[in-house]
Structure formats: C-alpha cells, structure tokens
**Q** 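First the structure, which I've put down as structure tokens, then a few questions once you've had a look.
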Amino acid sequence: MTRIYLVRHAKSVGNTQRIFQGHTNLGLSAEGQAQLPQLAERFRDIPLDGIYASPLLRAVQTAQAVGHYHKLPVQTREGLYEIYAGRWEAKAFAELPVLYPEAWRLWSEADARFCAPDGESLVQVYERMAKAVGEIAAQNEQKSVAVVSHGCALRCYLCYALGLPVERLREVPLPKNTSVSQVVYHGGTISVESMDDFSHLGLEENQEEMVV
C-alpha cells in the first residue's frame, strides 16, 4: 500500500493579484508565506518517505514547508506542473471573459472541452497528472509520500483517482491553497480517502472559480 498526500501550494502572488499563472513562475504572497508554518505543523507527526513537487516556485516553496520537520529533499517532477495556459499566461482574470468569451465559459464550467489558447487542454492535464502520480506511487511501494502541485492539476488528478472521466470534472471540488487530500494505491486500485482538507488553517474559505 502506498499513501500519497496531495497538497495544493500556498497562496501565491498570482492568486493574490488575480492573474492566470499556469506555468508563470511566481512565488508565494505574504499570505501564502504565513500559511506555511501551519502546513508544516500539519505534517509534523505524519510519517513521510519522500516529497515531490511541481518545479514551479510556488509549489517548491510549499513542499519545503511540508518537509520542514522531516529533513527530506524536495524532488521535482515536470508532470506535476499546472496547466500550461498559452495566451492566457499571466493575464488578469478580469480580462479573459472579454478577450476569450467562449473559452472562458468552458473554463468556468470545468468543461472537458476546454483548451487554453495555444496551451494545454483539461484532457491533457488529466492524462499527464494520472501518469505522473502513478509513477511516483510505483516508485514508492509500501511508503508514504507528499506530492505538491496546483489547483487545476490536482482537480484533474482527483477526478481520475475517483474513477471519473474528465467529462465529470465539475463534480470534483477545486482544492484550496495548502489543502491536503489523501489517496492510497493498493493492489492495482486507487482509493481516495479524503479531499480538500484545510483544517490546519483554522478558517473557512469560500470556493472560488478555477484560480490557478
């Protein structure tokens, strides 16, 4: 049995500025930095054999906090990247419905037909994340590891882990900043044990549109 803790990065500069980050390599905001000690405490007494992260700075900074009490190196995996947004990269969310009304509608509705202009589709992210997390699980049989990634990427993976096709993505909640989900790989099956737990922050957050 392999247990994987899936963590969305802490609040980033892009989240605060309300821009579509995608692969844009921005770090954590002041609010995100303040979330890190709480996340570190969350993982203080959780046994971990490895920590993996998207190479993007906001994910690496968050992964370092996950491993604060474990003294484990952060191993980056390109398969854990956020969706590549093409022409949407670093654009303000407020601009997108005006510039790309139909694509924005598909994005807002988590419609599987969405594809970022000159970027990745939700189908590609779904398949990429399934492969990346599956490979990490295979490399860590009988172990427990943390995987730090991004909102859209983790939503797509959880959809896969629940046994749902990408067409049912809208049924899966968008993970909040620093939230923790747990999946277990065992005997060729995947079970989702919990999703989007951010109780370590000690606050309630409203679900927003897909902010990556």
Side-chain angles (χ1 to χ4, degrees), residues 5-46 48 50-78 80-97 104 107-108 116 119 125 129 145-158 173-182 194-212:
Y5 296 91
L6 300 159
V7 185
R8 185 185 173 190
H9 64 79
K11 185 163 284 189
S12 68
V13 171
N15 295 150
T16 300
Q17 294 180 349
R18 306 287 295 168
I19 67 172
F20 199 116
Q21 293 172 102
H23 284 198
T24 303
N25 200 15
L26 300 174
L28 299 181
S29 64
E31 186 177 349
Q33 292 285 355
Q35 292 172 335
L36 297 183
Q38 295 163 293
L39 184 63
E41 287 299 320
R42 170 70 181 268
F43 278 92
R44 179 198 279 264
D45 297 319
I46 294 177
L48 290 178
I51 300 173
Y52 297 83
S54 154
L56 294 171
L57 180 59
R58 57 193 186 271
V60 172
Q61 289 175 312
T62 304
Q64 289 168 343
V66 169
H68 178 73
Y69 292 106
H70 299 276
K71 309 304 180 187
L72 292 168
V74 175
Q75 303 178 61
T76 57
R77 294 288 186 274
E78 290 189 358
L80 301 175
Y81 266 123
E82 181 55 291
I83 187 171
Y84 174 57
R87 281 179 275 159
W88 283 21
E89 289 280 330
K91 278 196 164 50
F93 274 92
E95 295 180 57
L96 298 177
W104 175 258
W107 170 259
S108 299
V125 178
M129 285 293 293
V145 300
V147 170
V148 182
S149 187
H150 306 266
C152 176
L154 287 171
R155 190 183 201 183
C156 287
Y157 172 74
L158 287 166
L174 176 70
K176 299 174 183 67
N177 293 115
T178 76
S179 72
V180 181
S181 302
Q182 292 185 54
S194 66
M195 288 198 302
D196 198 28
D197 178 3
F198 56 97
S199 56
H200 51 278
L201 296 183
L203 51 80
E204 290 293 329
E205 291 186 0
N206 293 323
Q207 181 74 7
E208 299 175 342
E209 73 269 21
M210 290 177 73
V211 179
V212 299

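Nothing fancy with the numbering, it's 1 onward along the sequence. Given the structure is predicted, the values throughout are model-derived calculations rather than measurements.
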**Q** I would like to know whether Leu26 and Leu57 meet side-chain contact (heavy atoms from CB on, under 4.5 Å); could you show each step before the answer?
**A** CA-CA 6 Å; Leu26 300 174; Leu57 180 59; over 6 Å; no

**Q** Which is it for Leu154 and His150 under the side-chain contact (heavy atoms from CB on, under 4.5 Å) test, yes or no, and what are the steps along the way?
**A** CA-CA 6 Å; Leu154 287 171; His150 306 266; 5.9 Å; no

**Q** Working to the nearest 0.5 Å, report the span between CG of Leu174 and SG of Cys156.
**A** 10.0 Å

**Q** Do Arg42 and Asp197 touch side chain to side chain, with heavy atoms closer than 4.5 Å?
**A** yes

**Q** Does Ser181 reach the side chain of Leu158, with side-chain heavy atoms less than 4.5 Å apart?
**A** yes

**Q** Atom CG of Leu39 and atom NE2 of His9: how far apart are they, to the nearest 0.5 Å?
**A** 12.5 Å

**Q** Run the salt bridge (Lys or Arg N to Asp or Glu O under 4.0 Å) test against Arg87 and tell me which residues pass, sequence neighbours left out.
**A** Asp118

**Q** Evaluate the side-chain proximity of Tyr52 to Val145: yes if any heavy-atom separation is below 4.5 Å, no if none is.
**A** yes

**Q** Go through the steps to decide whether Ile51 and Val147 satisfy the test side-chain contact (heavy atoms from CB on, under 4.5 Å), and finish with yes or no.
**A** CA-CA 6 Å; Ile51 300 173; Val147 170; over 6 Å; no

**Q** Evaluate the side-chain proximity of Ile83 to His23: yes if any heavy-atom separation is below 4.5 Å, no if none is.
**A** no

**Q** To the closest 0.5 Å, what do you measure between CG (Leu96) and CH2 (Trp104)?
**A** 5.5 Å

**Q** So which heavy atom on Glu89 is nearest to which on Gly22, and how close?
**A** OE2-CA, 3.4 Å

**Q** Return the minimal non-hydrogen interatomic distance between Pro175 and Gly151, and the atom names on each side.
**A** CD-O, 3.7 Å

**Q** Rounded to the nearest 0.5 Å, how far apart are CG of Leu56 and CG of Leu80?
**A** 10.0 Å

**Q** Please verify the inter-ring angle class for Trp107 with Phe20; under 30° counts as parallel, over 60° as perpendicular, anything in between as tilted.
**A** tilted

**Q** Take Gln21 and Arg58 through the test side-chain contact (heavy atoms from CB on, under 4.5 Å) and record every step on the way to the result.
**A** CA-CA 10 Å; Gln21 293 172 102; Arg58 57 193 186 271; 3.5 Å; yes

**Q** Compare all side-chain heavy atoms of Tyr84 with those of Val125 and state whether any distance is below 4.5 angstrom.
**A** no

**Q** Can a salt bridge be assigned to the pair Arg8 and Asp196 using a cut-off of 4.0 Å between side-chain N and carboxylate O?
**A** no

**Q** Flag the pair Lys11 / Gln35 as yes when at least one side-chain heavy-atom distance between them is below 4.5 Å, and no otherwise.
**A** yes

**Q** Hey, what do you get for CD (Glu41) to CD1 (Ile46), rounding to the nearest 0.5 Å?
**A** 11.5 Å

**Q** What distance separates Leu6 CG from Tyr157 OH, expressed to the nearest 0.5 Å?
**A** 6.0 Å

**Q** Heavy atoms, side chains only, cut-off 4.5 Å: are Asn177 and Asn15 in contact?
**A** yes

**Q** List the atom of Met129, the atom of Tyr81, and the distance in Å for their closest heavy-atom pair.
**A** SD-O, 4.5 Å

**Q** Within the 4.5 Å heavy-atom criterion, are His200 and Phe43 side-chain neighbours or not?
**A** no

**Q** Any donor and acceptor pair, going by atom type alone, linking the side chain of Ser54 with main-chain N or O of Ser149 inside 3.5 Å?
**A** no

**Q** Taking all non-hydrogen atoms of both residues into account, name the closest pair between Val180 and Ser194 and its distance.
**A** O-OG, 4.4 Å

**Q** Quick check: closest heavy atoms across Val74 and Ala53, and the distance to 0.1 Å?
**A** CG1-CB, 3.8 Å

**Q** For residues Gly50 and Leu72, report the shortest heavy-atom separation together with the two atoms involved.
**A** N-CD1, 3.8 Å

